[in-house]
2 protein chains.
Amino acid sequence: MESTRELFQIMTRRFGLLNKNCCTVGGNDITPVQSHILFEVDRQHNPSIQQIAETLGTDITTFSRQVQSLIKMNLIKKTPDPADRRVSTLSLTVEGKYVATTIDQQMNAYLDEIFSFMTEFEKETVLRSIKLMNEAMAKSDNCCRPIIG
Amino acid sequence: MESTRELFQIMTRRFGLLNKNCCTVGGNDITPVQSHILFEVDRQHNPSIQQIAETLGTDITTFSRQVQSLIKMNLIKKTPDPADRRVSTLSLTVEGKYVATTIDQQMNAYLDEIFSFMTEFEKETVLRSIKLMNEAMAKSDNCCRPIIG
DNA sequence: TTCAAATACTTGTATAATGCAAATAATGAA
DNA sequence: TTCATTATTTGCATTATACAAGTATTTGAA
């Protein structure tokens, strides 16, 4: 009998492998970390560097450098916050938006292929379950900010 | 409306954060990569270095060095395969087994806490869904070996 | 049998990622 | 004003990563 952890460990590893092989877009080779950043910058409304770093659970200094390289790749841009000039808000460039969208489509295509091995009912059940998990994780103390200790 | 990819992206990120904060066991600070390796060595029967590297989707040279450091930490051991002396099979040491088990328990405890926000029925549905996903991913061409291109 | 090709793994080397400590810059409260 | 706090960046050391090349062993065809 598989343990709960085993089920999740294997699924998340496989999803990570999909992410790893996804994607080369318009000559840009996007690493999983960069892909995560583009994803979150796209999702959040004018997030600060700190906000994204916290969301992703990375050290802010590491993240600061990741931002720099994404700016060099012309995928995101930094805008000083007029209300607090210590803060930089991040947003996607046109090219960054294109890359983020393409990755999203490619990932959804991969997932669709996986769902093709299920009935429509099973697919709906799975999607509802993932949503349930996300809601429960959001309520949890362990999930998902850095845990002290 | 959240896309399929968004649901999975968020869930796997959160699971990754749990993994990241899990665990310090008996003075050993275990990285997520090391935790994955211990998990797979424990799961597979006398796997070779190549087998695990392939399972985890890492380059074998990187993996070879990860194995070396886990041996230095006295968590796994390498045994030459008598049938083919090019091959080394991996197994957990007593300490490695202890660390792997402790991580497993800790992760299961985290997950239990998350499930405490659901009804028993919802929990069962979620677990069945993850199992369905794993089975479907196993059938998929995209999942989950390195994809050419 | 012999030897070249294939396989399993390791090492050399270069690059990139990571995170702590410290620096810089801006804010806000006393 | 002054000093603690906050947001971000830079210095630095460590670690992870992967390509290329090396070693050791096995395999299979001539």
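What's counted below: heavy atoms across the whole structure, side chains too, no hydrogens, waters or symmetry copies. Values in this document were obtained by computation on a predicted structure and should not be read as measured data. In the text below, chain A, chain B and the rest are named by the order of the sequence lines, each starting its count at 1.
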query: How do B:Q51 and A:D84 order along DNA chain C: which one's closest nucleotide is nearer the 5' end?
result: B:Q51
message: Any N or O donor-acceptor pair under 3.5 Å from the base of C:dC9 to the side chain of B:T61?
response: no
query: Which is true for A:S88 with a 4.0 Å heavy-atom rule: it touches a base, it touches only sugar-phosphate, or it touches nothing?
result: sugar-phosphate
- prompt: How many Å lie between CD on A:Q50 and C1' on C:dA26, as a whole number?
  reply: 14 Å
- request: Give a yes or no on whether a donor-acceptor pair under 3.5 Å exists between the nucleobase atoms of D:dT8, that is its base, and the side chain of A:R86.
  value: no
task: For A:D29 and D:dC19, give me the distance from atom CG to atom P, rounded to whole Å.
output: 11 Å
query: Between C:dT11 atom C1' and B:F63 atom CZ, what is the distance in whole Å?
result: 17 Å
- request: By nearest nucleotide on DNA chain D, pick out whichever of A:T62 and A:K20 is the more 5' one.
  value: A:T62
field: Within 6.0 Å of OH in B:Y98, more than 12 heavy atoms from elsewhere
entry: no
task: Could you check whether B:T58 gets within reach of a base, just the sugar-phosphate, or nothing at all, counting any heavy atom under 4.0 Å?
output: sugar-phosphate
- line: B:S48 and B:Q51 have their tightest heavy-atom pair at N-OE1, 2.8 Å
message: Rounded to whole Å, how long is the line connecting atom CD of B:Q34 with atom C1' of D:dT17?
response: 14 Å
task: Using atom CD1 of B:I49 as one end and atom C1' of D:dA24 as the other, report the distance to the nearest whole Å.
output: 14 Å
task: May I ask you to verify if any side-chain N or O of B:S64 is less than 4.0 angstrom from the OP1 or OP2 atom of C:dT10?
output: yes
message: Checking A:E40 against A:T55: is there a side-chain donor and acceptor pair closer than 3.5 Å?
response: no
- prompt: B:R65 CZ to D:dT17 P: how many Å, rounded?
  reply: 11 Å
field: Distance, rounded to the nearest Å, where A:I52 contributes CD1 and D:dA7 contributes P
entry: 14 Å
Contact summary for A:T93 and A:N74, nearest pair of heavy atoms: OG1-O, 2.7 Å
message: Pick the closest DNA chain D nucleotide for A:S48 and for B:R85 by heavy atoms, then say which residue is nearer the 5' end.
response: A:S48
task: Tell me, with the steps shown, if B:D29 and B:Q34 meet side-chain hydrogen bond (donor to acceptor under 3.5 Å, both in side chains).
output: CA-CA 10 Å; B:D29 234 337; B:Q34 291 172 336; over 6 Å; no
query: When you check the phosphate oxygens OP1 and OP2 of C:dT10, does a side-chain N or O of B:K78 lie under 4.0 Å from one of them?
result: yes
- request: Check whether any side-chain N or O of A:Q66 sits under 4.0 Å from OP1 or OP2 of C:dA16, and answer yes or no.
  value: no
task: Take atom CG of A:D59 and atom P of D:dA7, then tell me their distance rounded to the nearest Å.
output: 14 Å
